[in-house]
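Everything below concerns the one structure shown next.
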Amino acid sequence: MNQEAAKLCFEISAYLQAQNVSFKPWAWRKAAQAIEEMEEDISSIYQKGGIKALEEIPGVGKTIAQSLEEYIKTGKMSYFSQLKKQMPVEMQELTAVQGLGPRKVRTLYKELGVKNLKQLEQAAKKGKIKELETFGEKSQENILEGIEFVKKSQGRYLLGEIMPLAQQMLEKLKKIKGTIKIDICGSLRRRKETIGDLDFLAVCPDPQGLIDAFCKMPEVQKVFGQGDTKANVKLNNGLDVDLRVVPASSFGAAQQYFTGSKEHNIQLRKIAIKKGLKLNEYGLFKGEKAIAGKTEEEIYQALDMDWIVPELRENTGEIEMGLAHSLPKLIELKNIKGDLHVHSNWDGGVNSIKELAQYAIDLGYEYIGISDHTQFLKIEHGLNEKQLAEQRKEIDKLNKEFVKKGIKFKIFQGCEANILNDGSLDIDIKALSSLDYVIAGLHSSFKMEKAQMTQRIIKAMQNPYVKIISHPTGRILKQRGEYEIDIEALIRAAKTNRVALEINASPYRLDLDANNIRKAIQEGVKLVINSDTHAKDQMHHMQFGIFQARRGLATAKNVINTQGSDKLFDF
Ligand code: DGT
Ligand code: CA
Ligand code: CA
């Protein structure tokens with residue numbers, strides 16, 4: 001229920017922003033961020049402690065708690081309905097277009113009656129948008145470009161939004177009587193950043209029973225097809241799901257086949273053919289005789305290669321490495337010793353430094369780096385030099401308490417400074433020198449030509465205090481692509497200036513991507529995997545960064561935050 005409630009809160013925030021009210025949009029957004037990532041469901045919090053317990057969620061005040069209560073009881077938020085009635089637009093769909101904020105959506109609605117993506121495209125194609133005072137020719141072009149990007153990714157879901165749901169469903173299906181084995185295959189098992197549909201694979205002596213139970217799950221909105229050994233449904237959130245039931249003797253073969261990728265499978269089948277064998281979803285065959293099929297491992301083994309982790313199965317070199325027995329030992333979540341990109345309530349994040357530190361301690365981390373935004377980012381309450389100095393005192397005090405209590409944990413003070421258009425940072429070098437480390441990130445003027453943009457970021461790397469470049473290519477999944485940037489030049493400069501490149505683990509970013517991670521590793525550039533947390537539960541996003549790092553062939557050695565706090569910045 002949290003995801004749905006958070007979605008409504010985000011939309012309420014956007015509607016309020018469209019009306020240009022102050023403060024409230026920010027409050028709703030913060031609440032949405034907190035709810036979106038909470039482990040415990042709001043309905044269970046409410047059952048236990050009523051509206052008072054809801055108010056204790058960080059960022060949730062009285063008004064928002066009332067709306068949540070209403071949502072838990074009725075499945076609706078009348079405040080949302082009321083706002084939407086005043087301005088009946090598809091807010092989420094429209095604001096997904098790069099450069100279109102709620103204020104602009106409002107103008108387009110008022111002036112041109114644009115309510116959804118389709119109407120937006122029509123208006124842009126007819127040249128209506130450029131005629132508006134606040135838009136013009138260039139922004140009409142940008143909107144058309146943005147629409148194309150959004151359209152391309154429509155119908156795909158972020159791994160981060162699907163994985164919790166898929167795992168919940170998996171747990172339920174495991175409990176259905178007779179289920180011997182069940183797992184998720186397809187792109188989710190490969191941990192791709194976006195998912196087209198879900199592919200469940202099961203072994204069950206009573207396939208009909210399992211398929212029946214699957215089709216009747218509350219998550220299921222519509223059953224497209226229900227056969228003897230498979231079913232195909234649509235979930236309430238629009239996602240399609242396949243379930244296939246196979247005999248135990250071919251589970252491994254089916255798992256291998258349905259995990260994909262298609263490109264990986266095609267290559268594997270060619271190898272089988274060269275050996276005079278046949279590989280399909282039922283097994284690996286020599287003539288009529290199955291020589292492997294029960295497990296994936298025995299299939300790869302029979303082909304004289306190492307088992308390949310699902311994250312690598314894209315036919316981008318992993319098969320050759322499997323044959324040569326040269327697959328590296330990839331990084332794992334348990335290798336991570338701390339998180340260096342965490343925002344506190346000093347810059348408008350949800351949690352205090354103390355709460356964040358405690359959460360990190362509970363995760364088993366040895367350290368955390370507080371990296372609040374600096375002053376240029378007004379909407380994010382960026383910190384100035386004086387505030388950074390005050391924050392230092394608080395961090396020193398907390399660190400002293402850890403020492404006193406014998407807790408082996410350290411809070412580093414960093415910041416996420418903004419890279420301005422000329423590559424300089426938005427904060428005084430003296431203030432930077434007082435910090436433990438500095439992240440430089442780009443949060444404005446995304447459209448620059450390639451040479452200029454590349455130079456801009458390289459210049460930031462040359463600042464002696466900058467240790468990390470956050471989300472280096474700037475992409476937002478399903479919303480915008482990378483900046484125009486010479487990634488090779490950037491990677492070389494990171495090497496020269498001894499700057500680590502971030503793998504931002506936010507499911508919306510996952511930036512660097514797998515391909516760029518490989519390039520960085522080849523150059524010997526250090527990486528850092530960071531959650532970019534704005535509300536403490538988001539620290540769990542670290543896992544998505546790990547998946548991405550693995551897809552990029554990263555080992556623990558390539559990543560600085562697998563090191564203890566004393567060796568962190570040795571590189
Ligand atoms: P998605 O759903 O678009 O995120 O990506 P996948 O990889 O989950 O693709 P999906 O669901 O269409 O199919 C699941 C797996 O089944 C896929 O990764 C490989 C296998 N598969 C599907 N169609 C074919 C095919 O035509 N040839 C081969 N070799 N494998 C296929
Ligand atoms: Ca799939
Ligand atoms: Ca599928």
Side-chain angles (χ1 to χ4, degrees), residues 336 338-344 346-349 356 368-377 379-383 388 412-421 423-427 432 435-446 448 453-454 456-463 465-477 479-483 485 487 490-491 493-494 497-513 516-517 520 525-534 538-539 541-542 544-546 548-549 552 554 558-561 568-569 571:
I336 294 293
D339 194 335
L340 292 173
H341 190 164
V342 176
H343 294 272
S344 76
W346 282 72
D347 79 354
L356 292 163
I368 192 175
I370 301 296
S371 58
D372 284 329
H373 289 294
T374 48
Q375 53 201 1
F376 178 79
L377 273 195
I379 44 158
E380 297 279 3
H381 303 250
L383 273 57
L388 279 172
F412 289 109
Q413 188 190 23
C415 73
E416 188 181 16
N418 294 292
I419 304 175
L420 302 176
N421 289 9
S424 65
L425 302 183
D426 67 334
I427 191 132
L432 296 182
L435 303 173
D436 296 312
Y437 69 102
V438 173
I439 301 179
L442 207 145
H443 299 98
S444 59
S445 306
F446 304 125
M448 252 187 195
M453 186 59 117
T454 307
R456 178 180 174 190
I457 301 178
I458 289 177
K459 182 155 177 238
M461 288 184 189
Q462 289 163 346
N463 181 305
Y465 297 106
V466 170
K467 293 275 188 271
I468 295 169
I469 298 292
S470 56
H471 37 74
T473 74
R475 71 167 179 173
I476 304 283
L477 290 166
Q479 283 195 22
R480 68 168 190 241
E482 302 181 347
Y483 324 125
I485 208 170
I487 189 75
L490 209 75
I491 286 170
N497 294 289
R498 297 185 204 191
V499 169
L501 296 181
E502 182 177 74
I503 299 174
N504 189 291
S506 161
Y508 296 99
R509 290 190 181 267
L510 297 173
D511 177 12
L512 301 174
D513 72 6
N516 288 331
I517 292 169
V525 168
K526 291 290 181 194
L527 300 164
V528 54
I529 310 178
N530 286 329
S531 69
D532 199 353
T533 285
H534 288 73
Q538 291 176 346
M539 270 191 244
H541 289 162
M542 186 62 80
F544 300 112
I546 295 285
Q548 196 72 357
N558 302 130
V559 176
I560 64 170
N561 51 329
L568 200 45
F569 295 113
F571 62 98

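Computed from heavy atoms alone, side chains included, the values below leave out hydrogens, waters and symmetry copies.
- Taking the six-membered ring where tryptophan is involved, the planes of F569 and Y437 are essentially parallel, since the angle between them stays under 30° and well short of 60°.
- For the pairing with N504, the side chain to side chain donor-acceptor pair (under 3.5 Å) check across D532, T473, D511 returns one residue only, D532.
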Original post:
Do I529 and Q548 pass the side chain to side chain contact (heavy atoms under 4.5 Å, CB included) test, and can you show the C-alpha distance, the side-chain angles, and the key distance before you say yes or no?
Top reply: CA-CA 9 Å; I529 310 178; Q548 196 72 357; over 6 Å; no
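- How far CD of E416 is from CD1 of I370: 12.5 Å, rounded to the nearest 0.5 Å.
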**OP:** Take N558 and I517 through the test side chain to side chain contact (heavy atoms under 4.5 Å, CB included) and record every step on the way to the result.
**Re:** CA-CA 10 Å; N558 302 130; I517 292 169; over 6 Å; no
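- Among all heavy-atom pairs drawn from L510 and G545, the shortest one is CD2-N, 4.3 Å.
- Taking OG of S506 as the start and CZ of F544 as the end, the distance is 9.5 Å to the nearest 0.5 Å.
- Taking 4.5 Å as the limit, some side-chain heavy atom of M461 sits within range of a side-chain heavy atom of L490.
- With a 4.5 Å cut-off on side-chain heavy atoms, D339 and N530 count as touching.
- Here the side chain of T533 pairs a donor or acceptor atom with the backbone of M539 at under 3.5 angstrom.
- Using cut-offs of 30° and 60° on the angle between ring planes, the pair H341 and H471 is tilted.
- Closest approach of P507 to L477, counting heavy atoms only: O-CD1, 3.2 Å.
- Legend: residues meeting salt bridge (charged side-chain N to carboxylate O under 4.0 Å, His left out) with D436, ordered by chain and number and at least two apart, are R392.
- When only modelled atom types and interatomic distance are considered, Q538 and H343 share no side-chain donor-acceptor pair under 3.5 Å.
- The backbone N or O of L383 sits nowhere less than 3.5 Å from a side-chain atom of T374 that would complete a donor-acceptor pair.
- Expressed to the nearest 0.5 Å, how far CD1 of I368 lies from CG of L356 amounts to 5.0 Å.
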Subject >> Criterion side chain to side chain contact (heavy atoms under 4.5 Å, CB included) on L442 and R456, from CA distance to verdict >> reply: CA-CA 9 Å; L442 207 145; R456 178 180 174 190; 3.7 Å; yes
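- Within the 4.5 Å cutoff, the side chain of D513 has heavy atoms near those of the E482 side chain.
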**OP:** Mind running side chain to side chain contact (heavy atoms under 4.5 Å, CB included) on L501 and N516 for me, showing each step along the way?
**Re:** CA-CA 10 Å; L501 296 181; N516 288 331; over 6 Å; no
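- With values rounded to the nearest 0.5 angstrom, L568 atom CG is found 11.5 Å from K526 atom NZ.
- Within 6.0 Å of OH on Y508 lie no more than 12 heavy atoms contributed by other residues, nucleotides or ligands.
- With N418 contributing its side chain and D426 its backbone, the two residues share no donor-acceptor pair below 3.5 Å.
- Nearest heavy atoms, Y483 versus P472: CE1-O, 3.6 Å.
- Of the inter-residue distances, the one linking I546 atom CD1 with H541 atom NE2 reads 14.0 Å to the nearest 0.5 angstrom.
- Between the CD1 atom of I469 and the CD1 atom of I439 there is a distance of 9.5 Å, given to the nearest 0.5 Å.
- Applying the salt bridge (charged side-chain N to carboxylate O under 4.0 Å, His left out) test to R475 and every residue at least two apart in sequence or in another chain returns E193.
- Smallest separation of non-hydrogen atoms from I419 and S444: O-OG, 4.4 Å.
- Minimum heavy-atom separation, V499 to V466: CG2-O, 3.6 Å.
- Under a 3.5 Å cut-off, the side chain of N561 and the backbone N or O of V528 do not form any donor-acceptor pair.
- The two atoms that bring F446 and R480 nearest to each other are CE1-NH1, 3.4 Å, heavy atoms only.
- Side chains of L432 and C415 form a contact here, defined as non-hydrogen atoms less than 4.5 Å apart.
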